[in-house]
Structure formats: structure tokens, C-alpha cells
Amino acid sequence: EVQLVESGGNLVQAGGSLRLSCSSSGFTARHYAIAWLRQAPGPGREGVSCITTTDGATYYANSVKGRFAMSSDDAKRTFYLQMNNLKPENTAVYSCAAHAAVPFYCRVTDKDEYVYWGQGTQVTVSS
């Protein structure tokens, strides 16, 4: 069974940076889509970024392009989300999620496409 464990959330001032980690295990399919999604109080869940395990291609929500970067360490089976120039509106619980996918596929979406989820890590950005 796929297991995902996030870490790295913290309290940071606006303009600061954080790197979130998602440690994975139990992958059995050949290809997966891995995503970071966030849930803030009130608004619905928002897809932030995703990466394909086929070739490491990454995709981002427009709201984070140029500030966030997703990457992977295949040897450690760990996925990262580097977040720079953080803003108070980025405050949320960030979760990594995964699903078995066709090659070269992932989608930044808030829909229930992702099957496996971590427990989430809290990111709080103070103004």
C-alpha cells in the first residue's frame, strides 16, 4: 500500500521560504502522478503542483508559478516542494497525494483524482 508522509511545515514570515518533503513507500505501479495540494480555512482544496514519475516533468497552479518548485529524489523516494517568497494567503495545510497514472501524466487539480494521501503539514505565513 502506498504511504505518504509530509514534513517541513512551519511558521514563517511573509517573504520567507520553506521546503516541504513527502516521503513515499509502497509504490507498485510503473508510473505515478504526485501532487501537492493545500487546504486553507474556508476556501476549497487547491492543487498547487504535480510531478510525473516518468520523466520528472512538473506543473504548477498559476498562483504559485515562479515562486514554488517541485522536485524529486528518486533514490530516497521523496518529493519536495520548495516555496519561496511566501505570502499570508499561502497559509494552509499542505498535503502530498498520488495516484497510479499513464506515462508522462499528472494534473494540478483540486478534484478527487488522487487516491493516496499523506496526513498534511501546516504552513503558516505571518504578515
Side-chain angles (χ1 to χ4, degrees):
E1 182 177 349
V2 174
Q3 293 189 330
L4 304 170
V5 180
E6 303 95 331
S7 62
N10 211 330
L11 171 64
V12 64
Q13 289 188 332
S17 298
L18 281 176
R19 188 176 81 156
L20 306 182
S21 299
C22 174
S23 177
S24 69
S25 63
F27 286 161
T28 58
R30 293 192 64 184
H31 306 287
Y32 284 86
I34 313 295
W36 285 98
L37 300 97
R38 62 188 177 190
Q39 177 76 58
R45 185 174 60 202
E46 178 187 13
V48 175
S49 65
C50 70
I51 191 168
T52 68
T53 60
T54 314
D55 61 355
T58 54
Y59 304 88
Y60 301 93
N62 288 335
S63 60
V64 304
K65 282 182 180 177
R67 296 189 299 120
F68 290 13
M70 189 171 181
S71 62
S72 64
D73 183 326
D74 293 341
K76 295 181 180 179
R77 297 183 180 273
T78 300
F79 304 89
Y80 303 99
L81 183 66
Q82 177 67 42
M83 305 186 294
N84 299 324
N85 190 21
L86 283 161
K87 305 176 181 180
E89 55 264 39
N90 299 143
T91 294
V93 175
Y94 285 72
S95 299
C96 67
H99 69 86
V102 299
F104 308 105
Y105 174 85
C106 77
R107 188 164 67 137
V108 181
T109 176
D110 59 356
K111 298 188 182 301
D112 294 329
E113 185 170 34
Y114 290 88
V115 176
Y116 307 105
W117 290 80
Q119 82 288 352
T121 186
Q122 176 70 47
V123 172
T124 303
V125 184
S126 64
S127 57

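Predicted, not measured: the structure shown is a model, and the values here were computed from it. Scope of the values below: all heavy atoms of this structure, side chains included, with no hydrogens, waters or symmetry mates. Position 1 is the first residue of the sequence; numbering continues from there.
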A.B. asks: Can you confirm whether S95 sits close enough to E6 that some side-chain heavy atom of one is under 4.5 Å from a side-chain heavy atom of the other?
C.D. replies: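 Contact flag for S95/E6 side chains = yes.
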A.B. asks: Could you walk me through whether Y60 and V108 pass the side-chain contact (heavy atoms from CB on, under 4.5 Å) check?
C.D. replies: CA-CA 7 Å; Y60 301 93; V108 181; 5.7 Å; no
A.B. asks: Is the shortest side-chain heavy-atom distance between L4 and W117 below 4.5 Å?
C.D. replies: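 L4 vs W117: side chains apart.
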A.B. asks: Please identify which of these residues, N84, N90, N85, meets the side chain to side chain donor-acceptor pair (under 3.5 Å) condition with R67.
C.D. replies: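 Answer after filtering N84, N90, N85: N90.
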A.B. asks: Are a donor atom and an acceptor atom from the side chains of T54 and H31 found within less than 3.5 Å of each other?
C.D. replies: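 Yes, a side-chain donor-acceptor pair sits under 3.5 Å.
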A.B. asks: Which pair of heavy atoms, one from P88 and one from S127, lies closest together, and at what distance?
C.D. replies: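 For P88 versus S127, the nearest heavy atoms are CG-CB, 3.8 Å.
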A.B. asks: Would you name the heavy atoms of R45 and D112 that are closest together and state the gap between them?
C.D. replies: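 Closest approach of R45 to D112, heavy atoms only: NH2-OD1, 2.6 Å.
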A.B. asks: Looking at Q13, I'd like to know if its CD atom is crowded, meaning that more than 12 non-hydrogen atoms belonging to other residues, nucleotides or ligands lie closer than 6.0 Å.
C.D. replies: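 Atom CD in Q13 is not packed in, count stays at 12 or less.
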A.B. asks: Do any N or O atoms from the side chain of S49 and from the backbone of Y59 form a donor-acceptor pair under 3.5 angstrom?
C.D. replies: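 Checked: no pair found.
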A.B. asks: Is V115 linked to F27 within one hydrophobic cluster, defined over Ile, Leu, Val, Met, Phe, Trp and Tyr using a side-chain heavy-atom separation of less than 4.5 Å?
C.D. replies: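 Yes, V115 connects to F27 through the hydrophobic network.
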A.B. asks: Just verifying a value: how many Å separate M83 CE and M70 CE, rounded to the nearest 0.5 Å?
C.D. replies: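 Rounded to the nearest 0.5 Å, the CE-CE separation comes out at 12.0 Å.
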A.B. asks: Within the supplied structure, the quantity of interest is the number of heavy atoms (other residues, nucleotides, ligands) at a distance under 6.0 Å from Q3 CD; does it exceed 12?
C.D. replies: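 No, not enclosed.
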A.B. asks: Quick one: do L81 and I34 end up in the same hydrophobic cluster if we chain Ile, Leu, Val, Met, Phe, Trp and Tyr together by side-chain heavy atoms under 4.5 Å apart?
C.D. replies: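 Yes.
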A.B. asks: In the structure I gave you, are the side-chain heavy atoms of L20 and V123 within less than 4.5 Å of one another anywhere?
C.D. replies: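 Side-chain contact under 4.5 Å: yes.
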A.B. asks: Stepwise, does the side-chain contact (heavy atoms from CB on, under 4.5 Å) test hold for S71 with Q82?
C.D. replies: CA-CA 8 Å; S71 62; Q82 177 67 42; over 6 Å; no
A.B. asks: Quick check against the 3.5 Å criterion: does T52 have a side-chain atom that pairs as donor or acceptor with the backbone of Y105?
C.D. replies: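 No, T52 side chain to Y105 backbone: no donor-acceptor pair under 3.5 Å.
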A.B. asks: For C106 versus A33, what's the shortest heavy-atom pair and its separation?
C.D. replies: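 Shortest heavy-atom separation between C106 and A33 comes out as CB-CB, 3.5 Å.
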A.B. asks: Does a side-chain heavy-atom distance below 4.5 Å link Y114 with T109?
C.D. replies: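 Sidechains of T109 and Y114: in contact.
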A.B. asks: Examine distances only and state if a side-chain atom of T121 and a backbone atom of S7 form a donor-acceptor pair shorter than 3.5 Å.
C.D. replies: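 Here the side-chain-to-backbone pair does not exist.
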A.B. asks: Working to the nearest 0.5 Å, report the span between OG of S72 and CZ of R77.
C.D. replies: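 So the OG of S72 and the CZ of R77 are separated by 11.5 Å.
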A.B. asks: Begin with the C-alpha distance, continue with both residues' side-chain angles, and end with the deciding distance and a verdict on side-chain contact (heavy atoms from CB on, under 4.5 Å) for Q119 and V5.
C.D. replies: CA-CA 7 Å; Q119 82 288 352; V5 180; 4.2 Å; yes
A.B. asks: So, the side chain of T78 versus the backbone of K76: is there a donor-acceptor pair under 3.5 Å, distance only?
C.D. replies: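 Flag set: sc T78 to bb K76 pair under 3.5 Å.
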A.B. asks: Rounded to the nearest 0.5 Å, how far apart are CD of E46 and CZ of R38?
C.D. replies: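 So the gap between those two atoms works out to 4.0 Å.
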A.B. asks: Can you tell me how far apart CG (N10) and CD (Q122) are? Round to the nearest 0.5 Å.
C.D. replies: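 N10 atom CG to Q122 atom CD measures 10.0 Å (nearest 0.5 Å).
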A.B. asks: Locate the shortest heavy-atom distance separating V12 from L86; write the atom from each residue and the value.
C.D. replies: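 Heavy atoms only, the tightest pair is CG1-CD1, 3.6 Å.
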A.B. asks: Taking the side chain as every heavy atom from C-beta outward, state whether F104 and D55 have any atom pair closer than 4.5 Å.
C.D. replies: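 Yes, side chains in contact.
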A.B. asks: Within 45° of the ring axis of Y80 and under 6.0 Å from its six-membered ring centre, is that where the NZ or CZ of R19 lies?
C.D. replies: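 Yes, R19 sits over the ring of Y80.
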A.B. asks: Would you say that W36 contacts C50 through its side chain, given a criterion of any heavy-atom pair below 4.5 Å between the two side chains?
C.D. replies: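 Side-chain contact under 4.5 Å: no.
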A.B. asks: Atom SG in C96, atom CG in L37: separation rounded to 0.5 Å?
C.D. replies: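 Interatomic distance, C96 SG to L37 CG, rounded to 0.5 Å: 9.5 Å.
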